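A quick note: this is a predicted structure, and the numbers were derived from the prediction, not measured. Only this structure's heavy atoms are used, side chains among them; waters, hydrogens and symmetry mates stay out. All chains are named by letter (A, B, ...) in the order of the sequence lines, taking the proteins before the strands, and each is independently numbered beginning at 1.
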2 protein chains.
Amino acid sequence: MTSTSDESAQYLIKTVSKRSGVKSDLVRAWERRYQAVTPTRTSGGHRIYTDQDIARLKLLNQATSNGHSISQIARLSLEDLKNLVKSESESIPQPPHIIPSSSDRLYIAADYMEKCYAAVLAFDPKALESHFENAIVELGSEIFIEHLLTPLLTRIGERWKAGELRPVHEHMTSSVIRSLAYILRNNKPRAENAPRMVVSTPIDQLHELGALLAAIMAELSDWQVTYLGTNLPAEEIAAAIKYTNARAVTLSISFAANDHVVAKELRRLRKLIGPDIAIIVGGRAAEYYQDILNEVGVVNIQSYAHFRQILAELALKQENQN
Amino acid sequence: MTSTSDESAQYLIKTVSKRSGVKSDLVRAWERRYQAVTPTRTSGGHRIYTDQDIARLKLLNQATSNGHSISQIARLSLEDLKNLVKSESESIPQPPHIIPSSSDRLYIAADYMEKCYAAVLAFDPKALESHFENAIVELGSEIFIEHLLTPLLTRIGERWKAGELRPVHEHMTSSVIRSLAYILRNNKPRAENAPRMVVSTPIDQLHELGALLAAIMAELSDWQVTYLGTNLPAEEIAAAIKYTNARAVTLSISFAANDHVVAKELRRLRKLIGPDIAIIVGGRAAEYYQDILNEVGVVNIQSYAHFRQILAELALKQENQN
DNA sequence: CAATTTTTGTCAATGTTTTGTATAGTTTTG
DNA sequence: CAAAACTATACAAAACATTGACAAAAATTG
């Protein structure tokens, strides 16, 4: 189910007939006699159907050819129709449709997380991608990142240390996530005066995912983000800041291998960009560098909420200056 | 939504008609009746269209031939139109882009390339992304990759050596391209028995883009691809091949820094996966390793056409074995 | 079980709407 | 000036809607 049932997509009766397999005349008859579907109309009176209507008619068609009379099933809900058709094709009693009852989004996220982890464990990128896509639609980008992706990545890290997973599991997961960045980002046009930010990872830091997620979070907070990927020396990051006229730069530091390199790069960056541009740092390893962070004047992200708060403050500050 | 006072407006209706495949009269009718596009005008009243308008009309044309009525879809956003056409092309056999002759397409690709390069030079990721998106709609993924992206990357490499561009230009471009991977890929469900492939980059090789493009090309040739990203040791690649039951692995080698590491990794990989799984290698630096490639039994990609040919042969071979 | 009624899919007749194309005369452009 | 665009109007084919009817199939009844 790549495409969600688009609210915007609408069909005329011919297309509906083709796709559902029910002749146009019959579609109209079912509507007239039993209100099996109730399409809206154009100003001229032509019927306009939705994807849901098509699905409905498809199911009705199957059910009737299975022996059900149309008058009995025409007004069933889509769910009931699905169950009806399914239970017949399998001749297995349908398990009562108990959805994870609490409609709590966090609960749903946790539920998806288990499914996703199972897909990772089974090394099944297609399944993983599909779970992700559904979860994004259902949860929205922010909750998806905060309550599904982050715990998932944490768990993958743990299980890798425990020897249950290999590095390749993490690589596979990362690349699936990266490929979904396009959907996660919200593509609404940004205001010309939206605050600008550069996101990258200092030299010698290879793990990209943290930076990518930070970039997406910033976009969702209505920043205009220039994402640069990994492993950039300070001069390059500084150049990008100058080019884009950015007011802030976010860096992700995910492991503490080369203490001195990170420290050196941070000092150089501060020198290059001057004191007025905010440097924000996040990532698992950021805490190890607390001393340098203080020295250079860097904000250390504690959580997503914290990050959002920092972004809001910075945006406000800029607005006041304008 | 479309262009109102767009500086990039530049095409007359005849050009638009040719490139979108919608007759001039019809373009005007769609505008008059449904405001499907709203071009600016010259002082004398002639309509002037943008690249985005062309993409829009092309999508509208495809959607109508898929059974949508123009009145219903004329005012959808570009994003919605893309989704509509994409979700349909998954189930309906889509006639390949026929409209402009192939030589015209190459000319158009070259034209887009110049615009994209200008956006890179100006360090304007938003403009770059927008050019890319329009070009993908108009050219289709294959031509886009082969005749726009590849020459663009080559030129960026040259200009970087010449000192006209900085590394950060290339990073920015790469990350824009990566974010578009999702659109470039072909999302139609693959047959269960589609041949499988793993794509990655050996340890010590950071440049990801070649591998990513190879992965996309393979997907477009109906392979089921598992993309793993960069910098993986041989055991991990071998593990992925085992997990996915892949018949081939494609590696991208983009520079010749550590001769012995690459050679060693290739030998180890061959040992780990046995003689029956094809190893395909591409990338700028592949030619430097010719000796090792021969020794280990590796196919070296010469061009996209060559890559496609190799893929076709491998797919056929597997089919015969089944 | 036969007769009767109801349900259901299909069709025909007739009028309207949608949509692509065509015509005619004018204006802009290079 | 010739080619190409513009506007306005018109037209016809395709697609839809409505109404009403009809016969086969299914259900009900006596």
Side-chain angles (χ1 to χ4, degrees), chain A residues 9-50 53-54 56-76 81 84-85 88, chain B residues 3 9-50 53-54 56-76 81 84 95 98-99:
Chain A
Q10 311 199 285
Y11 308 87
L12 295 181
I13 200 168
K14 186 192 183 189
T15 318
V16 171
S17 165
K18 242 185 218 148
R19 298 204 184 175
S20 66
V22 184
K23 284 189 187 167
S24 300
D25 279 324
L26 191 49
V27 173
R28 280 189 286 259
W30 283 358
E31 177 191 345
R32 172 165 31 102
R33 304 207 257 239
Y34 322 106
Q35 295 84 50
V37 283
T38 51
T40 54
R41 303 288 185 120
T42 68
S43 57
H46 286 192
R47 279 165 245 255
I48 302 178
Y49 300 85
T50 66
D53 291 328
I54 294 180
R56 206 179 155 69
L57 288 167
K58 223 186 234 169
L59 290 169
L60 286 173
N61 193 31
Q62 276 183 263
T64 51
S65 57
N66 274 359
H68 286 96
S69 82
I70 183 65
S71 61
Q72 296 304 308
I73 58 172
R75 310 193 70 155
L76 290 183
L81 279 174
L84 196 65
V85 171
E88 240 130 57
Chain B
S3 59
Q10 48 180 332
Y11 305 110
L12 290 178
I13 199 167
K14 192 183 184 187
T15 316
V16 171
S17 168
K18 259 202 192 109
R19 283 171 61 172
S20 69
V22 183
K23 285 186 187 167
S24 300
D25 283 327
L26 192 49
V27 173
R28 278 190 289 260
W30 283 358
E31 178 190 344
R32 172 166 34 94
R33 301 207 258 238
Y34 319 106
Q35 296 84 49
V37 284
T38 52
T40 53
R41 303 287 186 123
T42 66
S43 54
H46 284 195
R47 292 170 176 79
I48 306 186
Y49 299 86
T50 66
D53 290 329
I54 294 178
R56 206 179 154 69
L57 287 166
K58 181 148 190 165
L59 290 169
L60 285 173
N61 194 30
Q62 283 181 254
T64 50
S65 57
N66 281 357
H68 288 277
S69 84
I70 183 63
S71 64
Q72 293 307 306
I73 57 171
R75 309 193 70 154
L76 292 184
L81 277 175
L84 199 64
I98 337 159
I99 319 304

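As rounded to whole Å, 15 Å separates atom C1' of D:dA14 from atom CD1 of A:Ile13. Rounded to whole angstrom, the span from the CD1 atom of A:Ile73 across to the P atom of C:dT8 amounts to 9 Å. In this structure, CD of A:Gln35 is placed 13 Å from P of C:dT8, rounded to the nearest angstrom. B:Ile70 has its CD1 atom 14 Å from the P atom of C:dT18, to the nearest Å. Atom-to-atom, CD of B:Gln72 to P of C:dT18 comes out at 9 Å; the value is rounded to the nearest Å. Protein atom CD1 of A:Ile48 is 14 Å distant from nucleotide atom C1' of D:dA17, rounded to whole Å. In this structure, B:Arg33 places its CZ atom 12 Å from C1' of D:dA8, rounding to the nearest Å. Here D:dA17 presents its P atom at 10 Å from CG of A:Asp25, a figure rounded to the nearest Å.
Heavy-atom minimum distance, A:Val22 versus A:Ser17: O-OG, 2.9 Å. The two residues A:Tyr49 and A:Val27 come nearest to each other via the heavy atoms OH-CG1, 3.4 Å.
Of the side-chain N and O atoms in A:Arg47, one or more sit less than 4.0 angstrom from OP1 or OP2 of D:dA17. Distances shorter than 4.0 Å separate some side-chain N or O of B:Arg41 from OP1 or OP2 on D:dT7. At the phosphate of C:dT10, OP1 or OP2 sits under 4.0 Å from a side-chain N or O atom of A:Lys23. The shortest distance between the side-chain N/O atoms of A:Ser71 and the OP1/OP2 oxygens of C:dT8 is below 4.0 Å. Contact check, A:Ser69 against C:dT8: a side-chain N or O comes under 4.0 Å of OP1 or OP2. Phosphate proximity of C:dT8 to A:Thr64: absent, as no side-chain N or O sits under 4.0 Å from OP1 or OP2. Phosphate proximity of C:dA22 to B:Arg28: absent, as no side-chain N or O sits under 4.0 Å from OP1 or OP2. Taking side-chain N and O atoms only, B:Tyr34 has a distance below 4.0 Å to OP1 or OP2 of C:dT19. The side chain of B:Thr42 contributes an N or O atom lying less than 4.0 Å from OP1 or OP2 of C:dT29.
Checking D:dG20, D:dC6, C:dG9 against every side-chain atom of A:Arg32, the shortest atom distance belongs to D:dG20.
Contact of the B:Tyr34 side chain with the B:Ile73 side chain is not registered, since no non-hydrogen atoms from C-beta on lie closer than 4.5 Å. At least one side-chain heavy atom of B:Arg41 sits less than 4.5 Å from a side-chain heavy atom of B:Arg47.
Residues A:Gly67 and A:Thr15 each lie close to DNA chain D; by heavy-atom proximity, the contact nearer the 5' end of the strand is made by A:Thr15. Map B:Leu12 and A:Leu12 each onto its nearest nucleotide of DNA chain C; the residue landing nearer the 5' end is A:Leu12.
Of the possible polar contacts, none joining the A:Arg75 side chain to the A:Gln35 backbone as a donor-acceptor pair under 3.5 Å is found.
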